[in-house]
Undergrad: 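This structure is in structure tokens; I'll ask about it shortly.
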There are 4 protein chains.
Amino acid sequence: MTGDRRPGRPRSEAARQAILAATMSELRERGYAALTVDGIAARAGVGKQTIYRWWSSKADVALTALLDLSETTIAVPDEGSLPADLMGFLAETFRQRGQRPVLVGLMAQALLDPVFAAAFRENFLFRRRAVLREILDRAVVRGEIAPDLDPELLIDVVYGVLWYRLLVDHAPLDDEAGRRLADLVLRAVR
Amino acid sequence: MTGDRRPGRPRSEAARQAILAATMSELRERGYAALTVDGIAARAGVGKQTIYRWWSSKADVALTALLDLSETTIAVPDEGSLPADLMGFLAETFRQRGQRPVLVGLMAQALLDPVFAAAFRENFLFRRRAVLREILDRAVVRGEIAPDLDPELLIDVVYGVLWYRLLVDHAPLDDEAGRRLADLVLRAVR
Amino acid sequence: MTGDRRPGRPRSEAARQAILAATMSELRERGYAALTVDGIAARAGVGKQTIYRWWSSKADVALTALLDLSETTIAVPDEGSLPADLMGFLAETFRQRGQRPVLVGLMAQALLDPVFAAAFRENFLFRRRAVLREILDRAVVRGEIAPDLDPELLIDVVYGVLWYRLLVDHAPLDDEAGRRLADLVLRAVR
Amino acid sequence: MTGDRRPGRPRSEAARQAILAATMSELRERGYAALTVDGIAARAGVGKQTIYRWWSSKADVALTALLDLSETTIAVPDEGSLPADLMGFLAETFRQRGQRPVLVGLMAQALLDPVFAAAFRENFLFRRRAVLREILDRAVVRGEIAPDLDPELLIDVVYGVLWYRLLVDHAPLDDEAGRRLADLVLRAVR
DNA sequence: CATTAACCGAGACGGTACGTCTCGTCTTAAA
DNA sequence: TTTAAGACGAGACGTACCGTCTCGGTTAATG
């Protein structure tokens, strides 16, 4: 007996989808800085209040849109050895770099708005970290990482380089970069 | 020959100082997101146009204020060995972390505004990188770094961790963190 | 015949009463300008659609509420002479001036909305005029009014002063005012 | 000496005129109910803030526009006798009835907004009353009005009929109506 | 007694206008 | 020519109501 539906008109899934799709379109076409709630509403054919009823800001909408897009749980490679796992993880991560404008815009918003920053950390950054941590934890168990090394710092190194290049945009984020980063980490953990 | 003064009223150095001081005060008290040109002008007792005559945006003013503050050329430690130099560099760098709100705000602006991003890279980020590169170059000459390692990647690692922690604010940026980061880098370059 | 009831659930008289009562309460407590359909619905514990099913606007509800309140047919005094009838009529009319906020609000709505204006004229204003006209018609028959005088203009004078004071609120609408207005009219009709 | 100008950019008379002209155009073309601040701003080629800087609401703008239009002091006819003065006053007043939509809209706003109502009374209604009062005062001096009659009540009668017909719109406001109203008043004051 | 049609509450929807905020520019008189 | 002052055009913000719609559930007359 499931019938615990709330009274009243149910939330329109069509409107939700339209809003998220419009948000991604605007982001891709005009960038995060030009994203406006009015614009999303107009493009989605939706009232502005319908956006504000469910999200608190354009950043909140954009975060949902991003999460919705990469909803498929980030696969945690398990190849049996740290080098293989690390290469797989970086390859997978770099492959999603087409979302650079969205990521950069969300980070900018997080820097300006502490409330959004908390949501961004919890729902995005920390979930990504968890994947890498799992890989490293397995490597620790296998004895592939020196026991006096803090895995958290290693995570910071990997994501630090990723985000730094993403934000500063002074060097490529391609497979070659991934290989060299993995190589460096492997040297350090010996 | 005295008269190489330009005609008209000379630029007021007092106004310049007042603007930069007001900018830093506003930043410290209310954060970058709440920084407005009107606010700076009011606090500095200055007309808005006086700001726009010399800077192109509030971010531009904030960048000048930051550079003005840390005007003293960043000292490049030269202790004769990579471990000592690296520790010195990180200690020095971490010591300035009181400017976190300013740095974070400027990075946010750079992410939203490509024009400002260029100025920020040239005048701030790349100058900081140059210091570390000098340290690493000396270490390469001394044979302290494996020749097949790209110093640029090492710089990305150091500044990546720094900025990542600065922006995400999930772990401390203290001396202990500096030691561990230096230790990790030294392990990798063997 | 009994069975001329329509099929389906009959209209809820309780809801009707709750809506009208809520409307009057809101009007008395917060005035016409602050009256909202959402507010009426919430206060009456009723769905908004239940209001729109039976009325076309908040003004329509307010008009019904007013008419419901003063449902008792306005008594037409018949004392046998114009002075007595006129004094009676004015006394009776002024006694209801507690409804000033409602009357003023409905007039405002009528000025802004031609459709409502028609309903307001037919169901309220003209019915009130009819009472006075009956009094004057009897006086004409009795020869108390000069035959070259248009009774309609006299009605305009009486209701004009009433509404003008009601709307502009610059002078009292009390028994004394009624006496003086009646006196003036009696002077004019000689 | 004259030079008491305030510092800063002076208020733009062009903007002021554009706003008032746009307001009158919108009023004439679409009526008071359809008047919006956005509409005025767009039509006047002006920022919305420029309107809100000087007026508190669209009603405030409309009132200024009306006063600006009939700026020429309402002539107080002085023909030497009450009948002539009264006829002249009514003829003059009725001639301006092209402004009916504006007057009706402003009255509606005054009924809904007490703050605006005060401004409307002071700047419009009471100024109009003053004209009629002057005429009546002269007639009192000349002994044309029974000394036991309150001139204020006579003013209420005249403006009451005027506004009642303006608002209810059930009978014409033409010269014939003016003659009959004047005749009625003259009968009453004997 | 089951069906069925109109009603009921709740509340989300698309939409309009509001009044505020900040931006970057423009226009003065004074220095 | 620069300065302080401050009005200006532009445009996004978040809010308040509007009138409509869509649910599950209720209430009688009808079949």
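Lettering of chains follows the sequences in order, A, B, ..., and the numbering in each one begins at 1. Side chains are part of it too, since the values below use all heavy atoms of this structure and drop only hydrogens, waters and symmetry mates.
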Undergrad: Could you state the CD1-C1' distance from Ile40(D) to dC8(F), rounded to the nearest angstrom?
TA: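 Rounded to the whole Å, the gap is 17 Å.
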Undergrad: Between Gly47(D) and Glu13(B), name the one whose nearest nucleotide on DNA chain F is closer to the 5' end.
TA: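 Its nucleotide being nearer the 5' end, the pick is Glu13(B).
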Undergrad: Taking for each residue the nucleotide of DNA chain E bearing the nearest heavy atom, is the 5' side occupied by Ala15(A) or by Trp54(C)?
TA: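 Counting from the 5' end, the first nearest nucleotide belongs to Trp54(C).
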Undergrad: Quick one: do Arg43(C) and Glu29(C) make a salt bridge, cutoff under 4.0 Å?
TA: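 Answer for the salt bridge query: yes.
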Undergrad: For Gln49(B), what residues pass the side chain to side chain donor-acceptor pair (under 3.5 Å) criterion, not counting sequence neighbours?
TA: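 So Gln49(B) forms no side chain to side chain donor-acceptor pair (under 3.5 Å) with any residue.
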Undergrad: Output the rounded distance in Å from CD1 (Ile19(C)) to C1' (dA10(E)).
TA: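 So the two atoms are 14 Å apart, to the nearest Å.
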Undergrad: Where along nucleotides 13-20 of chain F does protein come under 4.0 Å, by heavy atom, of base (B) or sugar-phosphate alone (S), with - for untouched nucleotides?
TA: SBB-SSBB
Undergrad: For Arg6(D) and dT27(E), give me the distance from atom CZ to atom P, rounded to whole Å.
TA: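 Checked: the CZ to P distance equals 18 Å.
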Undergrad: Only counting residues at least two apart or in another chain, list the ones meeting side chain to side chain donor-acceptor pair (under 3.5 Å) with Thr64(B).
TA: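 Testing Thr64(B) for side chain to side chain donor-acceptor pair (under 3.5 Å), a comparison that skips the adjacent residues, returns Trp55(B).
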Undergrad: What is the separation between atom CD1 on Ile51(C) and atom P on dC7(E), rounded to the nearest whole Å?
TA: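 So the two atoms are 16 Å apart, to the nearest Å.
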Undergrad: Using the test side chain to side chain donor-acceptor pair (under 3.5 Å), find all partners of Glu122(D) that sit at least two apart in sequence or belong to another chain.
TA: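 Result, side chain to side chain donor-acceptor pair (under 3.5 Å) vs Glu122(D): none returned.
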Undergrad: Let's see if you get this right: which residues in residues 104-116 of chain C place a heavy atom under 4.0 Å from DNA chain E?
TA: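 Heavy-atom contacts with DNA chain E come from no residue of residues 104-116 of chain C; none.
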Undergrad: Quick check on dA4(F): is either OP1 or OP2 less than 4.0 Å from any side-chain nitrogen or oxygen of Thr50(B)?
TA: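 Yes, Thr50(B) has a side-chain N/O under 4.0 Å of OP1/OP2 on dA4(F).
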Undergrad: Just jot down the ring-ring contact (aromatic ring centres under 6.0 Å, His included) partners of Tyr32(B), sequence neighbours excluded, or say none.
TA: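 Tyr32(B) satisfies ring-ring contact (aromatic ring centres under 6.0 Å, His included) with no other residue.
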Undergrad: Can you sort out the partners of Arg11(A) under salt bridge (Lys or Arg N to Asp or Glu O under 4.0 Å), two or more places apart, ordered by chain and number?
TA: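 So Arg11(A) forms no salt bridge (Lys or Arg N to Asp or Glu O under 4.0 Å) with any residue.
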Undergrad: List, one per line, each side-chain donor-acceptor pair under 3.5 Å for residues 111-118 of chain B, sequence neighbours excluded.
TA:
{"residue": "Asp113(B)", "atom": "OD1", "partner": "Val115(B)", "partner atom": "N", "Å": "3.0"}
{"residue": "Asp113(B)", "atom": "OD1", "partner": "Phe116(B)", "partner atom": "N", "Å": "3.4"}

Undergrad: By side chain to side chain donor-acceptor pair (under 3.5 Å), which residues pair with Asp38(A), not counting sequence neighbours?
TA: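 Asp38(A) satisfies side chain to side chain donor-acceptor pair (under 3.5 Å) with Lys48(A) once adjacent residues are dropped.
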